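Have a look at the structure below, then the notes.
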Amino acid sequence: MNRDDSGGWARANQVVNVLLAVGAALALASLAWGLDTQDITVEWTPEGKQLALKRVATWPVKEEMVLVPAGEFLMGSDKRVDRNAYRAELPQRRVYLDAFEIDKYEVTNLQYLKFVLATGRNPQIDWRYDGGNFQESMAYHPVMHVTWYDADAYCRWAGKRLPTEAEWEKAARGEDGRIYPWGNQTAGLSRANFGRSGLSGPVRDRPERLLLYPPIIAVDKYENAVSPYGVHQMIGNVAEWVADWYDKDYYAVAPDRNPRGPEHGTQKAFRGGGWIDSTTTMRAAMRNGADPNTKMNWLGFRCARDVAPKARPVATEGTAR
């Protein structure tokens with residue numbers, strides 16, 4: 001081998017090493033999206049808290065709820081219709097639910113900020129601007145890095161509750177057993193935020209934070225992909241905690257009226273798939289569970305509440321009984 005050849009091999013080896021390093025870095029970055037970050041604490045500065053108080057006093061919030069009327073719906077999956085169905089979704093059968101209301105949108109950073117300030121909590125892990133605040137572009141992104149207990153506490157504070165698995169599923173797909181909120185047409189990026197690499201988002205100017213903030217979007221996007229009741233982003237963006245303990249076999253034994261999950265468990269259920277998920281999990285019937293103390297950057301929530309039955313008019317003298 002002559003001198004020139006030796007130099008060429010050296011340069012080739014350098015290129016290979018660089019490519020391997022880049023590949024390893026990307027793999028680690030991809031893995032880091034799922035890492036639990038619950039041990040990291042962010043604290044307010046006095047100036048940061050004043051800015052936060054001003055925001056919740058002046059910025060509009062997205063708190064609309066929609067009614068899901070009482071009645072039956074097809075819960076679970078039929079392998080003859082959905083070849084991607086998992087065992088935990090079987091069997092498909094009709095289940096009756098009382099009427100309820102559910103948040104039209106996933107709970108946002110701005111909504112959660114009101115709760116944080118009212119209950120004396122620390123800022124979220126991804127609220128690191130201006131003394132504990134989020135960037136303005138994040139105000140209407142879904143809150144993430146919340147445990148099941150955080151989500152439950154927020155809903156109770158707001159006078160609501162977490163939806164049951166069955167309620168979440170009916171709100172997502174309606175009564176007819178459709179695979180997606182909009183029908184049976186396969187999910188794509190024009191209808192849902194999923195299958196992302198994570199190498200983008202509102203922290204592009206802070207590269208060291210890319211492992212904390214993924215490419216999620218505002219909760220009111222995808223008007224073409226709402227559920228039959230007008231609920232937004234029931235699949236994609238962030239997955240959502242629900243009330244039930246998770247049991248992969250529960251759908252086989254759940255009652256036919258108002259199922260509320262097992263009485264006990266070690267994991268809480270979540271639904272809907274997040275920005276990191278694949279096509280096979282972007283389905284309204286897909287079920288999964290996690291330790292209720294888990295905090296992830298692909299996991300958020302929305303709330304629900306009961307609908308009080310209409311009171312019958314009180315008969316008075318001269319009124320037909």
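Everything numeric here is computed off the predicted structure, so don't read it as measured data.
- A donor-acceptor pair under 3.5 Å links the side-chain atoms of Lys170 to the main chain of Pro69, judged by distance alone.
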Show your working on salt bridge (charged side-chain N to carboxylate O under 4.0 Å, His left out) between Arg305 and Glu101 and close with a plain yes or no. CA-CA 5 Å; Arg305 67 184 172 202; Glu101 291 182 316; 2.6 Å; yes

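- Contact check for Met234 versus Arg302: side-chain heavy atoms found under the 4.5 Å cut-off.
- Between Glu167 and Arg161 a salt bridge is recorded (basic side-chain N to carboxylate O distance below 4.0 Å).
- In the hydrophobic clustering of this structure, Tyr96 does not group with Val307; members are Ile, Leu, Val, Met, Phe, Trp, Tyr whose side-chain heavy atoms approach within less than 4.5 Å, directly or through other members.
- Glu240 and Trp168 share a donor-acceptor pair across their side chains, judged by distance under 3.5 Å alone.
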The test is side-chain contact (heavy atoms from CB on, under 4.5 Å); show your working for Ile102 and Val68 and say whether it passes. CA-CA 7 Å; Ile102 192 166; Val68 179; 4.2 Å; yes

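- Looking at every heavy atom in both residues, Ala166 comes nearest to Met75 through CB-SD, 3.9 Å.
- The same ILVMFWY cluster, assembled from side-chain heavy atoms under 4.5 Å apart, contains both Val107 and Met296.
- Looking only at atom types and distance, the side chain of Trp127 has a donor-acceptor partner in the side chain of Asn109 under 3.5 Å away.
- With rounding to the nearest 0.5 angstrom, the CD atom of Glu175 is 9.0 Å from the CD atom of Glu72.
- In this structure a side-chain-to-backbone donor-acceptor pair under 3.5 Å is missing from Asn237 to Ile216.
- Contact check for Val146 versus Leu299: no side-chain heavy atoms found under the 4.5 Å cut-off.
- Residues Phe115 and Leu113 fall within the same hydrophobic cluster, defined by Ile, Leu, Val, Met, Phe, Trp and Tyr side chains chained together at heavy-atom separations under 4.5 Å.
- Note that the CG atom of Asp152 and the OG1 atom of Thr147 stand 9.0 Å from one another [nearest 0.5 Å].
- For Tyr140 and Trp59, the ring centers are positioned 6.0 Å apart or more.
- In terms of heavy-atom proximity, Glu169 sits nearest to Ala284 at CG-O, 3.9 Å.
- Other residues, nucleotides and ligands place more than 12 heavy atoms under 6.0 Å from the NZ atom of Lys62.
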Given the rule in the salt bridge (charged side-chain N to carboxylate O under 4.0 Å, His left out) test, do Arg121 and Asp150 qualify, once you have shown the distances and angles that lead to the verdict? CA-CA 11 Å; Arg121 296 183 173 222; Asp150 293 332; 2.9 Å; yes

When you look at Trp182 and Ile235, which way does the side-chain contact (heavy atoms from CB on, under 4.5 Å) test go after all the steps? CA-CA 11 Å; Trp182 54 85; Ile235 62 171; 3.5 Å; yes

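- Residues that satisfy the salt bridge (charged side-chain N to carboxylate O under 4.0 Å, His left out) test with Asp256, not counting sequence neighbours, are Arg93.
- Looking only at distances, no side-chain donor or acceptor of Thr281 sits under 3.5 Å from a matching main-chain atom of Asp277.
- Between Leu90 and Tyr251, the closest heavy-atom pair is O-CB, 3.7 Å.
- Once rounded to the nearest 0.5 Å, the distance linking CZ of Arg128 with CD of Gln135 reads 13.0 Å.
- The closest donor-acceptor contact from the side chain of Arg173 to the backbone of Arg178 lies under 3.5 Å.
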Test Glu89 against Arg283 for salt bridge (charged side-chain N to carboxylate O under 4.0 Å, His left out), laying out the working first. CA-CA 11 Å; Glu89 304 163 28; Arg283 299 174 299 104; 2.7 Å; yes

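- Side chains of His145 and Asn297: a donor-acceptor N/O pair is absent below 3.5 angstrom, by distance only.
- Annotation: cation-pi geometry not satisfied between Arg191 and Tyr222 (NZ/CZ under 6.0 angstrom from ring centroid, within 45° of ring axis).
- Judged by the 6.0 Å and 45° rule, Lys268 forms no cation-pi pair with Trp241.
- Phe270 has its side chain out of reach of Arg287: every pair of non-hydrogen atoms, C-beta onward, lies at least 4.5 Å apart.
- Distance check, rounded to the nearest 0.5 Å: CD of Gln267 to CG of Asp244 gives 13.0 Å.
- At least one donor-acceptor pair under 3.5 Å links the side chain of Arg271 to the backbone N or O of Met286.
- Distance alone, capped at 3.5 Å, is enough to place a donor-acceptor pair between the Ser227 side chain and the Ala171 backbone.
- Relative orientation of the Tyr112 and Phe301 rings is perpendicular, given thresholds of 30° and 60° on the angle between their planes.
- By the 4.5 Å heavy-atom criterion applied to side chains, Leu53 and Leu117 are counted as neighbours.
- Ring geometry for Tyr154 versus Trp157: interplanar angle of 30 to 60°, hence tilted.
- Side-chain atoms of Asp291 and Thr294 include no donor-acceptor pair closer than 3.5 Å.
- In Arg94, the CZ atom is crowded: over 12 heavy atoms of neighbouring residues, nucleotides or ligands sit closer than 6.0 Å.
- Met282 approaches Gly236 most closely through the heavy-atom pair SD-N, 3.7 Å.
- Taking the side chain as every heavy atom from C-beta outward, Asp103 and Lys160 approach each other to under 4.5 Å.
- Between Ala225 and Pro181, the closest heavy-atom pair is O-CB, 3.7 Å.
- Under the 4.5 Å side-chain heavy-atom criterion for grouping Ile, Leu, Val, Met, Phe, Trp and Tyr, Leu162 is connected to Trp298 within one hydrophobic cluster.
- Taken together through direct or relayed side-chain contacts under 4.5 Å among Ile, Leu, Val, Met, Phe, Trp and Tyr, Leu110 and Val116 form part of one hydrophobic cluster.
- Two residues are said to be in side-chain contact when any heavy atoms from C-beta on lie closer than 4.5 Å; Glu106 and His232 fail this criterion.
- Proximity of Thr186 to Tyr180: side-chain heavy atoms (C-beta onward) are separated by under 4.5 Å at one or more points.
- Formation of a donor-acceptor pair under 3.5 Å by the Gln124 side chain with backbone atoms of Met144 is found in this model.
- Atom CG in Asn133 sits 4.5 Å away from atom CZ in Arg55 (nearest 0.5 Å).
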Going through the distances and angles, do Phe73 and Val95 end up as a side-chain contact (heavy atoms from CB on, under 4.5 Å)? CA-CA 6 Å; Phe73 81 108; Val95 170; 4.1 Å; yes

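- A donor-acceptor pair under 3.5 Å links the side-chain atoms of Gln111 to the main chain of Thr108, judged by distance alone.
- At least one donor-acceptor pair closer than 3.5 Å links the side chain of Lys79 to the backbone N or O of Arg83.
- Counting heavy atoms from C-beta on, the side chains of Asp78 and Asp82 never come closer than 4.5 Å.
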Any chance you could lay out the side-chain contact (heavy atoms from CB on, under 4.5 Å) test for Glu165 and Val242, step after step, and finish with the verdict? CA-CA 6 Å; Glu165 273 206 85; Val242 291; 3.6 Å; yes

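- The shortest heavy-atom contact between Ala254 and Pro259 is CB-CB, 4.1 Å.
- In this structure, the ring of Phe194 has its center no less than 6.0 angstrom from the ring center of Trp275.
- Summarising the geometry, atom CG belonging to Asn122 is positioned 6.5 Å from atom OG1 belonging to Thr41; distances are rounded to the nearest 0.5 Å.
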